[in-house]
Structure formats: C-alpha cells, structure tokens
Amino acid sequence: MKRIRILNLLRSDKPIDNVTIMGWIRTRRDSKGFSFLEINDGSCLKNLQVVADSSLANYEEITKSSTGSAVSVTGSLIESQGKGQTWELKAEGMEILGLAPDTFPLQKKRHGDEFLRTIAHLRPRTNKYGAVFRIRSELSFAIHKFFKDRGFQYIHTPVLTASDCEGAGELFKVTTLDLDNVPKKDRKTDFSLDFFGAATNLTVSGQLSAEMFALSLGDVYTFGPTFRAENSNTSRHVAEFWMVEPEMAFSDLNDAMDLSEEFLKYLTGHVMDECGADLELFAKHVDKNLMATLNGLISSGFTRLSYKEAVEILSKSGQNFEFEVAFGKDLQSEHERYLTERYFQHPVIIYNYPKNIKPFYMRINDDNKTVAAMDVLVPNIGEIIGGSQREERLNILEARMNEMGLSKKDYWWYVESREYGSVYHSGFGLGFERLLMFLTGITNIRDVIPFPRTPNSISF
RNA sequence: UCCCCAGUAGCUCAGUUGGCAGAGCAGAUGGCUGUUAACCAUCGGGUCCGCGGUUCAAGUCCGUGCUGGGGAGCCA
C-alpha cells in the first residue's frame, strides 16, 4: 500500500479510514492494554501518535520496538481522545520494518550539538536537525524561484578549475598523479603529465565564469559548492560550502546593492511563510530573539554608507576596539558587528572600499583610491554578502593586474571579454550557510550543512 | 596558525580543602485502563581522554600529548 506523509494527515480536516504511514519511532509509551507510539517520517516537525492495542496480532513484538525503529502502520485517522494532538492513528496493522537495537544513540531527550556532530549520519533524525535541513531545502528552492521570477538564467560554473580566482583563499589541489612518485621537471612537479596537463584546483568561486555568461545571457546566477583549503578553525568556516553568485550585465554598484537587499528580504520572507513550524523550534530553543531579528531584516531599509563614513563612525564611537580603525585598513569582525548590531541595529551595506584591500576585478572609482565594492552586514553574522561592480575597461583592468603581479596569460579569456563588446556589470556572492545561520539562529556553521568538512574532519 | 576553556556511565552533567565513583535520562525486568520528554519499583552499567610526575593517598595538583569547543586572523 502506498504510504501517506504524516504532514498531509495532520493537515486533514476529517477522519480517514485505511491509511498507511511509514516512519521511525521517536518514543513509545505503554499502558495496560495500549501502546502509544510517536512516529516521525521527516515530512514535518510533528509526530503522529499511533495507538496500538493488545488486539493486534504482533502486540508483543510492538511493545518491544524501541526508539529509532522503522515501522509501517495501517489504520484509521481519528480524532484523538487524549490531549495534545488533534489526530491520531488507530492501528489496525503494524509492521516493524527495521528494529533499532538499544545501542541506538539518539534518545528522546535533548543531546548536545557537539555529540550530534559525531553522529552526523543520524542527527537529521532529531527534531532540530530535521528542521534545519527542511529549511535548507526550502531556502534552496526560494533562491531559484527568486531568480526565475526575475528572468535570471541558472549557470553551472565548473568545480574543477585552473585559475585561482584572484586568490580568494587557499586551494585544494586536484590531481591524478601518483603522489608517491611525482614526476619532476626542474625540481618542480611536472603538471604537463597530469590529467589536464596543467595544475588544477577545486573552485573557490564561480564569479569569473559567471561574468562570461552575464556578458552573453544578461542576468545570470550560480549556486553550487565552493572549496577553501584555509586552516580556519571557527564557527563560521567550513572547507566545503555553498555560494550563490548573481551577475548582471548593464548593472552598476547601486543595482547590485538594490538586488542584494531585495534578495535577502525575499528569502527571509519566503522561509517565514513556508517554514513556520520549523522556525518556531529555533525561536523557542535556539534564539529567543529570532523572530524580532527576522522581522527587523524585512521591515528596515538597509542603511548604506561608504567605507569612509563607516570609518568615521567607528573612530568617533568611543569604543575600545582591539584593532585600529584607519582609512586603508580593512574592517575587522568587531567593527562590522558594532555597526550592524549596536550602532544601526539592522543590516547595513558598506561600499567604496580602498582598492588596496580588494581584488583586481573590482571597478576603480574616479578618485583612483577606492573601488566600487560593497559588503552587506547583518546582526549576529557580520558579512553575509560581498560584491562589486566589475572593472569593464580593458586598459584599467590590465594595469591593475600588472600592479598586483597577476599574469595576463592565466586570465586571458577573462581579459578578452573586455576586448569584445565590454559593458559595465556587477554581481555579488552570498554564503548560503551563513544565511541559514542567520535564519535559524544557529551559531555554528557545522550545524547547518549535512556533512561538514573542516580541518582534520571528513569522517562522513 | 595564535589565545583561552573543557574531556567523569550510552547521553546530559555533579563531584567541596587531594581521602570509598554519583544523579537524572537511556537500557533490562516487573507494575500501571488514554499516555504526552508518561508514571512507579527493582537491577545492570566506569581505562574519571592517553602517557609521565608529585603524594601515604590523584577524577581533583603539575608536565605533556590527543580530541572537542569558544574567540582571533583569513574569509563567505
């Protein structure tokens, strides 16, 4: 018999005869002649209460079934006689599909996040992680919907790459060479004998590729995994994470800022509309201010201020910062958090950063000191979006690459796009996991990605 | 990579001034006529992270290693 999802049964407005559910036992409570089982099938946060009575042929077996066991139950959906739930399933037949022995590590009480990370293969069976990954799925869908509704094309930029994209971070090397016997030429590894005939890495950003498609399809975006081999040991970094990168032709820095604000508001609103029950769990158990923070993002205009203005506010703040605030120095976490969490208490966009702290592809402003860059900062997370208007003027781009010691040969195709029908364009990158952290109030990035990759940790 | 904190039962954690290893939950067994993280009773369960040291005596103090976490840097 075809199973019905618990989500659909709980939404029913009338009793239904002869339905089958399949799921996992969260808890069992026995009474004389009855056993109450809470069944979860992952379709929603809520469990369905199954009432099994001693008239069932395998009642003895049922009272032995434990938390974590997989079951199939057929019966009637009826109004619950007990308090606490509207519907319950009166079992007419129940099959144990897969027993979970008493070594099953999840219990019906709360576990610590650190312990759950050691059983990442089982943690989605908990309420909290089930909710995280349902929201993650819904958020992915919302990203595609946002861009689809606005006529953007979805581009699959490559994961394997020979360019290092401006040195955005340490790279993971990809090779088929025998690591125990690496071929050498002039005492260096001879990559001409490697699979691609050149040194190859995992991508750190799809931006440069996406620009090529913006300069042909108009408005595009990428959404895929990116990799950084940084030895970062923080609650905000993983080695494999997902990034959303829209790129728009005929678009300047202001257009990029407009889109980033609209984008964040749309995604937040979408998750609030579609994931209410799951969000409630986080508002109750993870971050008591969550709903206020999310409503704040939707209702407030993002304050836009130039880097220069930001530096002035910080200098006059009277705060005792660990790191010095001065024009030409990058803003530190503590500075960003002061601005968004204390001074403005809502998201802010900082733009026109000094060129010396930004990569080569950002467009030089007329002052020749700053570039048309922007960062979106949100409370609790800090930088969630980084973007810029790209340098579309061939001679200036080449001069900048020279200045920064980058070889034109390595980026020949990128530079060539400025030679033929070059237009002004802009885009940004959004850290998908960081947005999930913002939306759920979860403070460790390892807890919003199914199987996190961090230094010394790739067990799953 | 740097700074700080932690590691005790399957899980969450207590363990005072160095002096017999503890609780709740989970598990097993039994009880209970509709339970809501059900409840009641009984029972089982320990390399106190590893190694070394101080001491009559170390879970506790010291050194060191490993693992985890928090913060910083780098960044998304």
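Numbers restart at 1 for each chain; the letters A, B, ... are given by sequence-line order, proteins then strands. Keep in mind it's a predicted model, so treat the numbers as computed, not measured.
- Between the side chains of A:E211 and A:H425, at least one donor-acceptor pair of N or O atoms lies under 3.5 Å.
- Residue A:F104 is classed as having no contact, given no heavy-atom separation below 4.0 Å to the nucleic acid.
- The aromatic rings of A:F115 and A:H111 lie tilted to each other, with the angle between the two planes from 30° to 60°.
- Ring to ring, A:F146 and A:H270 are not that close: their centroids are 6.0 angstrom or more apart.
- Pair check for B:rG52 finds B:rC62; Watson-Crick or G-U wobble, both atom distances under 3.5 Å.
- Rounded to a whole Å, the NE2 atom of A:H335 is 12 Å from the P atom of B:rA72.
- Place A:T103 and A:E433 on RNA chain B by their nearest nucleotides, and A:T103 ends up nearer the 5' end.
- Outside the 6.0 Å centre-distance limit, the rings of A:Y351 and A:Y307 are not counted as a close aromatic pair.
- Look at the P atom in both B:rG10 and B:rU54: the space between them is 32 Å, to the nearest Å.
- For B:rA72, the OP1/OP2 oxygens have a side-chain nitrogen or oxygen of A:R236 closer than 4.0 Å.
- Side-chain nitrogen and oxygen atoms of A:R117 include none within less than 4.0 Å of the OP1 or OP2 phosphate oxygen of B:rU67.
- Remark: C1' of B:rU12 and CZ of A:F115 are 10 Å apart, rounded to the nearest angstrom.
- At the phosphate of B:rA72, neither OP1 nor OP2 sits under 4.0 Å from any side-chain N or O atom of A:T234.
- Within the nucleic acid shown, A:T27 comes within 4.0 Å of sugar-phosphate atoms alone, with no base atom in reach, counting heavy atoms only.
- One can place NE2 of A:H111 at 12 Å from P of B:rC13, the figure rounded to the nearest angstrom.
- Taking atom CZ of residue A:R26 and atom C1' of nucleotide B:rU35, one finds them 18 Å apart after rounding to whole Å.
- When distances run from any side-chain atom of A:E230 to the nucleotides B:rG69, B:rC74, B:rU1, the shortest one goes to B:rC74.
- Here the CG-CZ distance, from A:D258 to A:F302, works out to 11.5 Å after rounding to the nearest 0.5 Å.
- If you take CD of A:E170 and P of B:rU1, they are 13 Å apart, rounded to a whole angstrom.
- Here the two rings, on A:F223 and A:F432, have centers that are under 6.0 Å apart.
- The base of B:rG10 is paired with the side chain of A:Q107 by a donor and an acceptor separated by under 3.5 Å.
- In terms of phosphate contacts, A:N47 brings no side-chain nitrogen or oxygen within less than 4.0 Å of OP1 or OP2 of B:rU36.
- Distance check on atom P: B:rU16 versus B:rC40 gives 29 Å, rounded to whole Å.
- Across the P atoms, B:rG63 and B:rG46 are found 32 Å apart, a figure rounded to whole Å.
- Look at A:R29 and you won't find any side-chain N or O under 4.0 angstrom from OP1 or OP2 of B:rU35.
- Separating the OG atom in A:S306 from the CD1 atom in A:I350 is a distance of 9.0 Å, to the nearest 0.5 Å.
- Searching all strands for a Watson-Crick or G-U wobble partner of B:rU16 with both distances below 3.5 Å returns nothing.
- Here, B:rU12 and B:rG7 have their P atoms 13 Å apart, quoted to the whole Å.
- In this structure, the separation between OG1 on A:T63 and CG on A:D30 is 6.0 Å, given to the nearest 0.5 Å.
- If you check every strand for non-hydrogen atoms under 4.0 Å, A:R28 touches nothing.
- Salt bridge annotation for A:R123-A:D447: present, with a cationic side-chain nitrogen under 4.0 angstrom from a carboxylate oxygen.
- As rounded to the nearest Å, B:rC11 and B:rG30 have C1' atoms that lie 25 Å from one another.
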- Sugar-phosphate or base contact per nucleotide [nucleotides 27-34 of chain B; S, B, -; heavy atom under 4.0 Å]: S----BSB

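- The partner of B:rU36 is absent, by the rule that a Watson-Crick or G-U pair needs both atom distances under 3.5 Å.
- A distance of about 30 Å separates the P atoms of B:rG19 and B:rC66, rounded to the whole Å.
- One donor-acceptor pair, N or O on each side, does fall under 3.5 Å between the base of B:rC75 and the side chain of A:H237.
- Between A:L106 atom CG and B:rU12 atom P the separation is 11 Å, expressed in whole Å.
- With hydrogens and angles ignored, a donor-acceptor pair under 3.5 angstrom links the side chain of A:N233 to the base of B:rU1.
- Nearest-nucleotide positions on RNA chain B place A:E322 closer to the 5' end than the other of A:A239 and A:E322.
- As a whole-Å value, the separation of A:E336 CD from B:rC74 P is 10 Å.
- Annotation: B:rA58 and B:rG18 have their C1' atoms spaced 6 Å apart (nearest Å).
- B:rA14 and B:rA9 are spaced 13 Å apart, taking the C1' atom of each and rounding to whole Å.
- The aromatic rings of A:Y411 and A:Y414 sit perpendicular, their planes meeting at an angle over 60°, well past the 30° parallel limit.
- Nucleotide B:rG73 forms no Watson-Crick or G-U wobble pair with any nucleotide shown, as no partner meets the under 3.5 Å limit on both distances.
- Judged by Watson-Crick or G-U wobble contacts below 3.5 Å, the nucleotide B:rG68 has B:rC5 as its partner.
- Between the CZ atom of A:R125 and the C1' atom of B:rA37 there is a distance of 19 Å, given to the nearest Å.
- Using a 4.0 Å heavy-atom distance criterion, A:I445 is classed as a base contact.
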